[in-house]
**Student:** 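Please read through the structure below; I'll follow up with questions.
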Amino acid sequence: MEVTINISLVGLKDGGLAVHDMRTLKPVKKERIHNAAINMLECSKSGVIVTGSADKTIKTFDILDLFRPLSSLNATEYKSIWLEAIVAV
């Protein structure tokens, strides 16, 4: 199911995720979800957010359930990680 949500997502240097409502241009949520800068942020059509951070973790969140955490992967033992499989959820 494809979901249309009018929000803007920003990954921050401090590991925070900022969410703004694009209809009102007001902040909706700001939460520190990583221990270091967020370097990658992707949103799937099903409403899942995937974030990758300099803290060497990849995390997924459900937009439709108030950004409930879905999973966390510690990537310290990997040299590179392909995220396409995760985003396809």
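Not measured: the values here are computed from a predicted model.
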**Student:** Are M40 and L12 connected into the same hydrophobic cluster when the rule is that any two of I, L, V, M, F, W, Y join if their side-chain heavy atoms are below 4.5 Å apart?
**Tutor:** no
**Student:** Identify whether I38 and I7 are in the same connected component of the hydrophobic contact network (ILVMFWY, side-chain heavy atoms under 4.5 Å).
**Tutor:** yes
**Student:** Which heavy atom in F67 sits nearest to a heavy atom in F61, and how many Å separate them?
**Tutor:** O-CD2, 3.4 Å
**Student:** Do any pairs count as a salt bridge (Lys or Arg N to Asp or Glu O under 4.0 Å) and have a residue in residues 60-72, sequence neighbours left out, and if so which ones?
**Tutor:** D62-R68, D65-R68
**Student:** For T57, check side-chain hydrogen bond (donor to acceptor under 3.5 Å, both in side chains) against everything at least two apart and list the hits.
**Tutor:** H34, D55
**Student:** So which residues get pulled into L25's cluster when ILVMFWY side chains under 4.5 Å apart are joined, directly or through others?
**Tutor:** M22
**Student:** Quick check on side chain to side chain contact (heavy atoms under 4.5 Å, CB included): which of I33, T60, I63, L70 does I49 satisfy it with?
**Tutor:** I63
**Student:** In this structure, would L64 and L41 fall into the same cluster of hydrophobic residues linked by side-chain contacts under 4.5 Å?
**Tutor:** yes
**Student:** Taking side-chain hydrogen bond (donor to acceptor under 3.5 Å, both in side chains) as the definition, give me every residue that meets it alongside D21, ordered by chain and number, with sequence neighbours left out.
**Tutor:** R23
**Student:** Search all heavy atoms of S53 against all heavy atoms of A36 and return the closest pair with its distance.
**Tutor:** OG-O, 3.0 Å
**Student:** Can you measure from CG (N35) to NZ (K56) and round to the nearest 0.5 angstrom?
**Tutor:** 13.5 Å
**Student:** Can you measure from CG (N39) to NZ (K13) and round to the nearest 0.5 angstrom?
**Tutor:** 11.0 Å
**Student:** Could you tell me which residues satisfy side-chain hydrogen bond (donor to acceptor under 3.5 Å, both in side chains) with K29, sequence neighbours excluded, listed by chain and number?
**Tutor:** E31
